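One is the number of the first residue; the rest follow in order along the sequence. Everything numeric in this text was worked out from a predicted model, so none of it was measured.
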Amino acid sequence: MERTLIILKPDSLQRGLVGKIITRFEEKGLQIVGLKQVLITEELAAQHYAPHKGKPFYDRLVRFMTSSPVIVLALQGNGVIEIARKMMGATFGFKADPGTIRGDFAVSSSFNLIHGSDSPESAQVELALWFKPEELHSYDLANRVWTYDFSNGTPM
């Protein structure tokens, strides 16, 4: 099973959308293996957004991400990175399709509610940045056999 990092950004908390967003992931069948609320420091934001340093939006992004607490999730599931990114929708809320998180709840190009890892490599780096190993849990979901087809012995 693959894991990914999801950050519910300050606007998710300020707008009272955390429960609705987490519910979407749970109802899809994705497993929460880590969850916490964090007030991001400038240092942590700088580490997370290092690939964007020097871009015109970087300083504004760091200010935004440190302006209010965020919820950080580690999700697990078969193909979880691709699934979560499809569920999130296009980066800019006004371009996101209805039915996606951003398509249903966001209209801004900068306040876009959510971050998700974009590859297995970035998920590994980001999860290690945000979670200590002991904060990530492995456990079986009671409904897992009803979420995935295990007829071949592995989840499909």
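- Under a hydrophobic-cluster definition in which Ile, Leu, Val, Met, Phe, Trp and Tyr are linked whenever side-chain heavy atoms come within less than 4.5 Å, directly or via other members, Ile7 and Tyr58 are assigned to the same cluster.
- Checked by atom type, the side-chain pair Thr66/Glu42 shows no donor-acceptor distance below 3.5 Å.
- Under the 4.5 Å side-chain heavy-atom criterion for grouping Ile, Leu, Val, Met, Phe, Trp and Tyr, Ile83 is not connected to Leu127 through any hydrophobic cluster.
- With sequence neighbours excluded, the residues forming a salt bridge (Lys or Arg N to Asp or Glu O under 4.0 Å) with Glu82 are Lys86, listed by chain and number.
- Between Phe111 and Phe64, the ring planes are parallel. Angles under 30° get that label, and only those over 60° would be called perpendicular.
- Contact annotation: the side chain of Leu129 approaches that of Gln47 to within less than 4.5 Å [non-hydrogen atoms, C-beta and beyond].
- Taken from CG in Leu141 to CH2 in Trp146, the straight-line distance is 15.0 Å, to the nearest 0.5 Å.
- With sequence neighbours left out, the side-chain hydrogen bond (donor to acceptor under 3.5 Å, both in side chains) criterion links Ser110 to Ser108.
- Heavy-atom minimum distance, Met65 versus Pro10: SD-CD, 3.8 Å.
- Every residue two or more places apart in sequence or in another chain that forms a side-chain hydrogen bond (donor to acceptor under 3.5 Å, both in side chains) with Ser122 is listed here: Asp118, Ser119.
- Counting all heavy atoms, side chain and backbone alike, Ile6 lies closest to Ala84 at CD1-CB, 4.0 Å.
- In terms of hydrophobic clustering, with Ile, Leu, Val, Met, Phe, Trp and Tyr side chains grouped at heavy-atom distances under 4.5 Å, Leu5 and Ile71 are assigned to different clusters.
- Note that NE2 of His115 and CG of Leu73 are 11.5 Å apart. Values are rounded to the nearest 0.5 Å.
- Under the side chain to side chain contact (heavy atoms under 4.5 Å, CB included) criterion, Phe57 pairs with His52, Lys55, Arg60, Leu61, sequence neighbours left out.
- Residues satisfying the salt bridge (Lys or Arg N to Asp or Glu O under 4.0 Å) test with Asp104, not counting sequence neighbours, are Arg24.
- Every side-chain hydrogen bond (donor to acceptor under 3.5 Å, both in side chains) that Asp149 has, sequence neighbours left out, goes to Ser151.
- Within the structure, every pair that satisfies the side-chain hydrogen bond (donor to acceptor under 3.5 Å, both in side chains) test and touches residues 10-23, not counting sequence neighbours, is listed here: Gln14-Ser68.
- Of the possible donor and acceptor atoms, one in the side chain of Arg102 sits under 3.5 Å from a partner among the backbone N and O of Gly89.
- Side-chain contacts under 4.5 Å among hydrophobic residues (ILVMFWY), followed directly or transitively, place Phe94 together with Phe92.
- Hydrophobic clustering (side-chain heavy atoms under 4.5 Å, transitive across Ile, Leu, Val, Met, Phe, Trp, Tyr) keeps Met88 apart from Val70.
- Note on Ile114: it does not cluster hydrophobically with Val72, by side-chain heavy-atom contacts below 4.5 Å among ILVMFWY residues.
- For Ile81, the side chain to side chain contact (heavy atoms under 4.5 Å, CB included) partners are Glu2, Thr4, Arg85, Pro120, Ala123, not counting sequence neighbours.
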Side-chain donor-acceptor pairs of residues 31-40 under 3.5 Å, sequence neighbours excluded:
{"residue": "Gln31", "atom": "OE1", "partner": "Gln76", "partner atom": "NE2", "Å": "3.1"}
{"residue": "Gln31", "atom": "NE2", "partner": "Tyr139", "partner atom": "O", "Å": "2.7"}
{"residue": "Lys36", "atom": "NZ", "partner": "Trp130", "partner atom": "O", "Å": "2.6"}
{"residue": "Lys36", "atom": "NZ", "partner": "Glu135", "partner atom": "OE1", "Å": "2.9"}
{"residue": "Lys36", "atom": "NZ", "partner": "Glu135", "partner atom": "OE2", "Å": "3.4"}

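- The side chain to side chain contact (heavy atoms under 4.5 Å, CB included) search around Ala90 returns Lys95, Ala96, not counting sequence neighbours.
- Looking at Glu126, Gln124, Arg3 one by one, the single match for side chain to side chain donor-acceptor pair (under 3.5 Å) with Ser117 turns out to be Glu126.
- In terms of the ring-ring contact (aromatic ring centres under 6.0 Å, His included) criterion, Tyr148 has no residue partners (sequence neighbours excluded).
- Between Asn78 and Met1, the shortest heavy-atom contact is N-SD, 3.3 Å.
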